[in-house]
Each structure stands twice: as C-alpha cells, then as structure tokens.
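Reading through the structure tokens given below for one structure.
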There are 2 protein chains.
Amino acid sequence: MKDKVIGIGIVSDLTGLTERQIRYYEEKQLIFPGRSKGGARKYSFEDVDRLKEINDKLRDGFHTFELRKPGRLCSE
Amino acid sequence: MKDKVIGIGIVSDLTGLTERQIRYYEEKQLIFPGRSKGGARKYSFEDVDRLKEINDKLRDGFHTFELRKPGRLCSE
DNA sequence: CGTGTAAGGAATTCTGACACG
DNA sequence: CGTGTAAGGAATTCTGACACG
C-alpha cells in the first residue's frame, strides 16, 4: 500500500483531481511522490488517499501551508 | 490490491521480468491486464505476484499452455 | 492562492516483425 | 517455445511560463 508505483494519470483518475492540482500539492510540500528513472512521478495508494484529503480540506477553506504533514516544528 | 493501476515499466522493475516476457504471458492468456484510454497495459499487485509465479513455473520446466488459470474446462 | 492552458521536449508504451532454436 | 531486438508511431509526463484574481 505504500509502494510508489502509480503514475500521475491513474492517480488523476482515482482522485478526480487534475494533474495540475496533484503537481501543485507536491510543490507546496503536501505530498511526496517517488520518481521513475525517467523522472515520472509515482504514487502509492496512501498518497492517493492523502490527495483526496488535501483537496477536501482545501475545499473546506484551508490553505496549502496549513496542511503540511508535521503540523509545526518548522521554525522552532 | 486488485486495482489495475501499475504500468508495465514498474511491473518489470517489481518482477524482474522484461516487458517482452510480460506481454508474451498476456498473449498466451496467462495474465489479463487492464488498459488505459491510450492503450497502455495496467496491472494490479495480484498480477505482479501472478507474473512471478508464472515465470517460476516456466523455469521449472512448464509450458505456457499448462499455466492457464482455469486448469481445464476448455474443451469439454 | 489555487488552478487552467499552450509549448516543446523527453521518456514510455504499443504493435508487428525478424531472429534463434 | 520463450525471448531479444530494431522500427515507427502514439500516448504520457515533465518543466517553466503566462493568466486570472
């Protein structure tokens, strides 16, 4: 379930999110996909669930920087 | 685990088999991958295990036609 | 801020075939 | 029989940018 083996196209199908959204969440450090030799992003099923959750939260009014994993412990 | 979401390249990495072997086993009806809209083969983790098993059997001397799922119920 | 899109390139996968044995 | 490879095309994904707001 933690194997990073799913391509972004399938993840898009699975989550209903656009590839743009998925890449943006990575840019904002909310998700950390693996990469194939060629550089293609690879996700796990856990990542898929996490992506759905992120999108839900965003629709609830949260901002990307509020959804980082750790929670705090960033600057102290 | 039964979700057909893994591309043939990753399956090749996961199983150690070449893409040629993986496609050949499909041609011989030993494995049944899904397809993306564009026609790319998509496999499940179950398929990955099945592929390893198929290759093991072949190395043990079996032939592809002896490894079909059903077992018999083909011509009677 | 979060997301859409057009742009050009690079990597991936597909099929049918010839090869060996 | 099971697998390797070169061949050309089609689909996938990548990055950086401009856009809106």
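Each chain gets a letter, A, B and so on, in the order its sequence line appears, and its residues count up from 1. What you see is a predicted model, and the numbers here were worked out from it, not measured in a lab.
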Rounded to whole Å, CD of B:E27 lies from P of D:dG2 at a distance of 10 Å
A:K42 NZ to D:dC14 P, in whole Å, measures 8 Å
Atom CZ of B:R20 and atom C1' of D:dG2 are separated, to the nearest Å, by 8 Å
- Item | Short N-O contact, A:D47 and A:R50, less than 4.0 angstrom | no
Query - Over 12 foreign heavy atoms within 6.0 Å of NZ, B:K2 - result: no
B:H63 has its side chain closest, among D:dT12, D:dG2, D:dT13, to D:dG2
To the nearest angstrom, the CG-P distance between A:D13 and D:dT12 comes to 10 Å
Sorted by position of nearest nucleotide on DNA chain D, 5' first, the leading residue of B:G38 and B:Q21 is B:Q21
Considering residues, nucleotides and ligands other than A:K57, do more than 12 of their heavy atoms fall under 6.0 Å from its NZ? no
note: A:N55, atom CG; C:dG2, atom P; distance rounded to Å ~ 11 Å
Heavy atoms under 4.0 Å, any strand shown: does A:R59 hit a base, just sugar-phosphate, or nothing? nothing
Re C:dC14: Watson-Crick or G-U wobble partner, both distances kept under 3.5 Å, found to be D:dG8
Taking D:dG2, D:dC14, C:dG2 as options, the one with an atom nearest any side-chain atom of A:I8 is D:dC14
When rounded to whole Å, the CD to C1' distance for the pair B:E26 and D:dT3 reads 16 Å
Among C:dC14, C:dT13, D:dT3, the one nearest any side-chain atom of B:E19 is C:dT13
task = Could you tell me whether A:Y25 contacts a base, only the sugar-phosphate backbone, or nothing, with contacts defined as non-hydrogen atoms closer than 4.0 Å?
result = sugar-phosphate
Here the distance between atom C1' of D:dT12 and atom CD1 of A:I10, to the nearest Å, is 11 Å
From CG of A:L17 across to C1' of C:dG2 the rounded distance in Å is 12 Å
Practice prompt. Show the numbers, then the answer: is there a salt bridge (charged side-chain N to carboxylate O under 4.0 Å, His left out) between B:K37 and A:D13?
Written response: CA-CA 11 Å; B:K37 318 92 196 173; A:D13 290 344; 2.4 Å; yes
Picking from D:dT15, D:dT13, D:dT12, the nucleotide nearest the side-chain atoms of A:R41 would be D:dT15
Side-chain N or O of A:Y24 less than 4.0 angstrom from OP1 or OP2 on C:dG2?
-> yes
With the side chain defined as heavy atoms from C-beta on, A:S36 is closest, among C:dT12, D:dT13, C:dG2, to C:dT12
From the candidates C:dG2, D:dG2, D:dT12, the one with an atom nearest any side-chain atom of B:L58 is D:dG2
Per nearest nucleotide of DNA chain C, the residue lying toward the 5' end, B:A40 or A:K28, is A:K28
Practice problem: Using a strict 4.0 Å threshold on nitrogen-to-oxygen distance, state whether A:R23 and A:E27 make a salt bridge. | Solution: no
